[in-house]
Amino acid sequence: MNESTITLEQINAASLDEACAMLDGLYEHSPWIARAALKQRPFLSLAQLKHAMAQIVSTAAKEAQLALLRAHPELAGKAMVDKSLTAESTNEQGKAGLTQCTPLEFETIQQLNAAYNAKFGFPFIVAVRGTRGVGMQKTEIIATLERRLHGHPDYELQECLRNVHRIAEIRLNDKFGASIERGNQVWDWQEALAQFSDPSFAVLGQLTVTYLTDAHRTCAQRIQQDMLDAGCDSVHIDAVGNVIGIYKGDGTQAKALMTGSHFDTVRNGGKYDGRLGIYVPLACVQQLHQQGRRLPFGLEIIGFSEEEGQRYKATFLGSGALTGDFKPEWLEQLDADGVSMRDAMQNADLRIQDIPKIKRKAGNYLGFVEVHIEQGPVLNELNLPLGIVTSINASARFTGEMIGVSCHAGTTPMSMRSDASVGVAELMLYVERRARADGDSVGTVGILHVPNGSINVVPGRCAFSLDMRAPSDTQRDALVGDVLAQAQSIAAARGLRLNLTETMRASAAPSAPQWQQRWEHAVASLGVPLHRMPSGAGHDAMKLHDILPQAMLFVRGQNAGISHNPLESTTSDDMQLAVEAFDHLLAQLTQETL
Ligand code: HGY
Ligand code: MN
Ligand code: MN
């Protein structure tokens with residue numbers, strides 16, 4: 001802490017005017033926010049102060065919110081040109097290179113700013129210091145401005161406010177000299193891992209890492225090295241390609257804590273889905289190792305090799321192998337290029353015959369915890385960095401095909417067609433209607449494909465997928481039952497044949513109360529308000545749930561929490577808080593073990 005930084009103790013002890021002076025400049029030309037929040041002193045943490053200020057804005061009148069946005073300068077705008085920016089904005093726009101725009105960049109930003117302001121009535125605001133705090137690239141700023149120009153006014157108002165809070169967060173960190181090194185380390189580990197992608201996607205600048213491809217194996221080696229460098233005592237790759245890092249305990253407690261998540265991705269996915277859950281605990285091991293400390297129990301951090309079921313229809317393969325749920329019939333599955341899983345595993349030097357041996361004995365473990373990005377908008381809208389998972393929704397997946405008659409699009413009367421794609425289209429609309437009727441179920445047709453389709457041929461075949469989820473097995477089964485029955489009746493009414501194969505079914509996985517409570521104590525210790533929520537996404541924790549007590553911690557996503565999308569994003573500040581929460585959970589376990 002250098003002499004120019006301030007401390008929370010000073011903030012809590014100062015008079016209101018002195019405290020306001022210390023926080024001056026957090027919100028551009030808007031001291032009313034800090035002043036109102038400071039009335040809630042004392043603050044336990046910066047996280048608590050940040051959330052208090054965000055709440056002051058969220059509960060303010062819309063006019064006050066609009067005034068706050070309009071108090072902000074445009075990016076590379078008039079204030080920058082005539083040098084009337086505040087010191088903070090000068091620093092931020094400078095770090096993002098906006099003071100060195102080419103004439104074309106300058107012209108583009110000016111035009112986009114004008115269009116944005118004309119459409120929404122307030123300036124485009126993005127935290128140009130970015131999610132790592134070191135400054136966005138100008139190209140990224142322009143792309144964000146172009147993308148958000150098409151946003152909905154209500155969303156853009158809230159998104160600009162969230163960026164204003166992010167700007168204030170970074171300014172607060174500067175004022176307090178806040179240490180977010182470990183969050184930065186987690187951010188950097190994931191950034192480095194994201195450079196490896198399956199070639200046909202890499203050329204498009206997209207991240208896709210599917211089971212046992214060259215990119216996948218390079219990721220496994222990189223994770224293995226990161227684990228060793230961070231201080232794991234041993235790291236190995238098991239018979240299904242999981243990367244297992246061990247940090248030994250001091251021998252007091254024979255049982256170990258298992259944690260981790262997956263490192264495979266969906267096609268054109270994000271950098272944090274799964275990977276965050278490997279690197280947050282690794283940052284804890286790194287600090288334990290640096291301090292020469294041992295916990296009473298061992299830590300087993302696992303990078304699960306396959307969770308998304310992209311290359312093969314074998315979801316949760318990595319974590320399932322540890323619970324004894326590896327299905328031998330998967331080995332014969334062929335990928336899109338006709339490569340069997342067996343061949344892919346042999347090519348990766350995996351010992352298929354050893355798969356049964358990697359099943360874990362539950363008695364060797366205290367439990368399983370997983371940190372994961374939320375992959376949804378809830379924490380983002382609540383301005384909360386962390387969330388407590390109460391249960392993982394039940395899910396079921398199917399692949400299917402409707403088969404009719406392909407025929408001439410010009411000569412076949414509408415009344416004489418068995419059009420496979422229209423049958424699937426009718427089913428899709430039913431899935432949407434039926435899932436929506438439950439309120440908290442979801443149904444998705446993610447794959448839709450007319451093989452060898454032609455513009456002038458009525459489709460004779462249409463392939464599709466079904467992904468259906470609900471908070472309970474009962475509700476999921478009712479949804480699945482109705483959808484499958486409707487599929488049959490659509491096919492019958494349209495003279496189509498229907499093929500459907502169930503490819504996955506996972507039960508709802510409620511968090512083990514004592515583990516959920518440990519996460520709650522950890523989050524509360526950071527001064528972050530508790531928000532309990534179900535997980536709409538499936539996770540490895542739902543497989544380990546079959547043999548171990550488990551609970552998850554969610555980390556807020558940026559960009560409305562979008563996921564399975566290259567816009568998937570979290571900040572190093574939120575990653576720092578996740579690391580600190582994990583530290584606290586380890587400390588609780590240590591306390592309980594002694
Ligand atoms: O689809 C899911 O829920 C997870 O991301 N595999
Ligand atoms: Mn995923
Ligand atoms: Mn995931």
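Read the numbers this way: they start at 1 and go in the same order the structure lists the ligands and their atoms.
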Check the pair Glu169 / His165 against side chain to side chain contact (heavy atoms under 4.5 Å, CB included), numbers first and verdict last.
-> CA-CA 6 Å; Glu169 173 169 63; His165 296 316; over 6 Å; no
Show your working on side chain to side chain donor-acceptor pair (under 3.5 Å) between Glu181 and Gln185 and close with a plain yes or no.
-> CA-CA 6 Å; Glu181 276 74 32; Gln185 169 69 77; over 6 Å; no
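Gln558 and Ser569 are not linked by any side-chain donor-acceptor pair at a separation below 3.5 angstrom, with hydrogens and angles left out of the test. Side-chain contact of His262 with Asp273: a donor-acceptor pair under 3.5 Å is present, judged by distance alone. Looking only at atom types and distance, the side chain of Asp546 has no donor-acceptor partner in the side chain of Thr323 under 3.5 Å away. A donor-acceptor contact under 3.5 angstrom links the side chains of Tyr279 and Asp226, judged on distance only.
Ligand 1 places these atoms under 4.0 Å from at least one heavy atom of Glu307: 4 (C), 6 (N). With ligand atoms numbered from 1 in the order given, ligand 1 contributes 3 (O) to contacts under 4.0 Å with heavy atoms of Ala537.
Salt bridge status for Glu568 with Lys271: absent, with no side-chain N to carboxylate O gap under 4.0 Å. Here Arg436 does not pair with Asp438 in a salt bridge; the nearest charged N to carboxylate O distance is not below 4.0 Å.
Among all protein heavy atoms, the one lying closest to atom 4 (C) of ligand 1 is Gly538 O, 3.4 Å. Scanning all protein heavy atoms for the shortest distance to atom 5 (O) of ligand 1 gives His564 NE2, 3.0 Å.
Listed by chain and number, the protein atoms of type N/O/S under 2.8 Å from the Mn ion (ligand 2) are Asp273 OD2, Glu308 OE2, His564 NE2; waters are omitted.
Under a 4.0 angstrom heavy-atom cut-off, Arg397 registers as being in contact with ligand 1. Under the 4.0 angstrom criterion for non-hydrogen atoms, Arg469 is in contact with ligand 1.
A cation-pi geometry, defined here as NZ or CZ lying under 6.0 Å from the six-membered ring centre and within 45° of its normal, does not hold between Arg556 and Tyr272.
Of the candidates Asp477, Asp473, Asp467, Arg505 forms a salt bridge (Lys or Arg N to Asp or Glu O under 4.0 Å) with just one, namely Asp477.
Not a single N, O or S atom of His539, from either the backbone or the side chain, sits less than 2.8 Å from the Mn ion (ligand 3).
Counting just the N/O/S atoms of His372, the one with the shortest distance to the Mn ion (ligand 3) is named NE2.
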